[in-house]
Amino acid sequence: MNRREIGLQEFSRATGGRGPVATERVREASRVLADGVDRFIFADVFSHSGLGSREREMITVTVLAAIGGADNQLGVHVPAALECGADPEELLQLCEQIAPYCGFPRALNALRAVRGVLEERGIALPPPPIELELEDHGTLATSVGTGESGLLLLHSPETDRRVWRDVIAALPAGTRAVAPDLRGLGSAAGAPHPAELATLVDDLSNVLDACELSRVRVVTLGATASLGVALAIADQERVKDLVLVAPAAGHTGIPPGPETLATHLMPTTLAVNGWGARYARDRLERLDVDGWTNAERVFAGADLWVAPQPTRVVDGMYGDHVTSTAAAETWGVEPVTYIPDASRLVPLEAPADLVEVLSAS
């Protein structure tokens with residue numbers, strides 16, 4: 001292929017076939033400018049390996065937003081970023097990122113362009129977090145739906161509330177769900193570290209009070225299984241039942257890092273490198289080691305070997321399930337419900353399947 005054919009192919013791939021149509025309109029008036037788009041921008045620059053297509057489109061959107069006056073070009077490259085694998089939330093955060101460097105007017109203009117594309121495609125905006133003031137610290141929580149009964153979603157120590165993002169998006173409309181950042185982790189990383197599990201149980205009781213939830217199904221991930229059990233024992237009137245997703249027990253004292261992603265996610269998930277994999281990698285790269293270590297110590301030190309009924313254990317089918325099976329047997333729970341095509345971070349890999357399990361139980 002010649003340079004123009006390479007450029008047209010690259011532009012078409014990035015824009016779902018719409019880009020070259022726009023370029024042909026340019027060619028009607030200026031062959032020079034059209035060739036610049038086809039041969040230079042997309043053949044000589046965009047088609048090179050090194051930077052991935054998602055990164056190139058994110059950079060392009062950033063620059064167009066920063067220089068201002070490029071609304072038409074944003075209308076091409078925001079959809080192209082989505083076509084190349086950018087997540088809508090990443091594009092919204094891009095608008096926030098340019099504000100301190102380019103000013104609010106251009107950040108707001110970029111936000112308008114991104115929102116316009118998302119609305120055109122029927123992509124819902126992620127729910128904004130709510131601020132909760134607890135007894136001695138503040139935290140953020142994702143809260144959706146209405147009513148006094150719903151789900152309380154507890155993230156694992158190496159993640160934060162956003163690990164439940166796609167699960168929350170897959171819930172039936174109107175379902176009440178609250179996913180808070182736990183003390184010492186996520187947005188509450190600066191809070192005093194808890195010395196015992198009872199402090200975290202009190203925090204969750206305060207979260208439920210603040211969100212006016214009187215009856216909940218508690219869904220835990222990883223090591224927070226013991227926290228869910230403790231809350232169920234301490235507040236039997238409010239906790240309807242428990243779902244322990246990939247429960248983990250014990251404390252190795254070795255903080256996880258990006259190199260441990262292969263034990264958290266399936267190889268196909270890592271190969272595709274979608275939002276879930278990028279989120280998990282980012283959380284492990286940014287891990288607050290002191291907060292993680294303290295949380296793991298508190299969770300592992302809990303003497304909770306009898307889970308209240310009803311309790312259910314859910315795990316992915318990929319990888320080593322010894323921990324989950326042992327937890328199920330120890331707590332007298334029925335056999336583990338395994339979700340296919342998922343490893344230990346089930347909420348990231350199989351959110352719709354997990355919602356189906358929650359709806360059926």
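Computation of the quantities below employed the complete heavy-atom set of this structure, encompassing side-chain atoms and omitting hydrogens, waters and symmetry-equivalent molecules.
Using a 4.0 Å cut-off between charged nitrogen and carboxylate oxygen, Glu285 and Arg281 do not count as a salt-bridge pair. Between Arg162 and Asp282 there is no salt bridge, since no side-chain N of the basic residue sits under 4.0 Å from a carboxylate O of the acidic one. Taking a cutoff of 4.0 Å between a charged side-chain nitrogen and a carboxylate oxygen, Asp202 and Arg183 do not qualify as a salt bridge.
Each of Val76 and Ile67 belongs to its own hydrophobic cluster when Ile, Leu, Val, Met, Phe, Trp and Tyr are linked at side-chain heavy-atom distances under 4.5 angstrom.
Ile123 contributes atom CD1, which lies 5.0 Å from atom CG of Leu118 (distance to the nearest 0.5 angstrom). With values rounded to the nearest 0.5 angstrom, Thr269 atom OG1 is found 10.5 Å from Leu261 atom CG. Annotation: the span from Ser187 atom OG to Glu131 atom CD amounts to 9.0 Å, rounded to 0.5 Å. Put simply, CG on Leu171 and CG on Leu151 are 6.0 Å apart, with the number rounded to the nearest 0.5 Å. In this structure, CG on Leu91 lies 10.5 Å from CG on Leu111, to the nearest 0.5 angstrom. Expressed to the nearest 0.5 Å, how far CG of Asp315 lies from CD1 of Ile339 amounts to 8.5 Å.
The two residues Leu74 and Val61 come nearest to each other via the heavy atoms CD2-O, 3.8 Å. For the pair Ser214 and Arg238, the tightest heavy-atom approach, listed with the atom from each and the gap, is O-CG, 3.2 Å. When all heavy atoms of Gly228 and Thr220 are compared, the closest pair comes out as CA-CG2, 3.8 Å. Scanning both residues, His137 and Pro192, for their nearest heavy atoms gives CB-CD, 4.4 Å. Contact record, Leu213 with Gly150: CD2-N, 3.9 Å, taken as the closest heavy-atom pair. When every heavy atom of Leu51 is checked against every heavy atom of Glu55, the shortest pair comes out as CD2-CB, 4.3 Å.
Residues Asp241 and Arg312 are not in side-chain contact: their nearest non-hydrogen atoms beyond the backbone lie 4.5 Å or more apart. Between Val229 and Ile233, some side-chain heavy-atom pair lies under the 4.5 Å cut-off. Looking only at side-chain heavy atoms (C-beta outward), Val216 and Val178 stay at 4.5 Å or farther from each other. A heavy-atom distance below 4.5 Å is found between the side chains of His155 and Asp181. You'll find the side chain of Leu154 reaches within 4.5 Å of the side chain of Leu182, heavy atoms only. When side chains are defined from C-beta on, Leu287 counts as touching Glu158, because their heavy atoms get closer than 4.5 Å.
Partners of Asp160 according to the side-chain hydrogen bond (donor to acceptor under 3.5 Å, both in side chains) rule, which considers only residues two or more places apart in sequence or in another chain, are Tyr279.
Shown here is Arg31, whose CZ atom has no more than 12 heavy atoms of other residues, nucleotides or ligands within 6.0 Å.
Looking at Asp288, its side chain never comes within 3.5 Å of a backbone N or O of Leu185 through a donor-acceptor pair.
Residue pairs meeting the salt bridge (charged side-chain N to carboxylate O under 4.0 Å, His left out) criterion with at least one partner in residues 254-278, sequence neighbours excluded, are Glu90-Arg278. For residues 91-101, no residue pair satisfies the salt bridge (charged side-chain N to carboxylate O under 4.0 Å, His left out) rule, not counting sequence neighbours.
The one candidate from Val355, Leu221, Thr159 that meets the side chain to side chain contact (heavy atoms under 4.5 Å, CB included) condition with Pro347 is Leu221. When Arg54, Arg165, Gln93 are each tested for a side chain to side chain contact (heavy atoms under 4.5 Å, CB included) with Asp87, only one passes: Arg165.
There is no side-chain donor-acceptor pair under 3.5 Å between Arg106 and Asn109. Ser149 and Arg217 form no side-chain donor-acceptor contact under 3.5 Å, judged by distance and modelled atom types alone.
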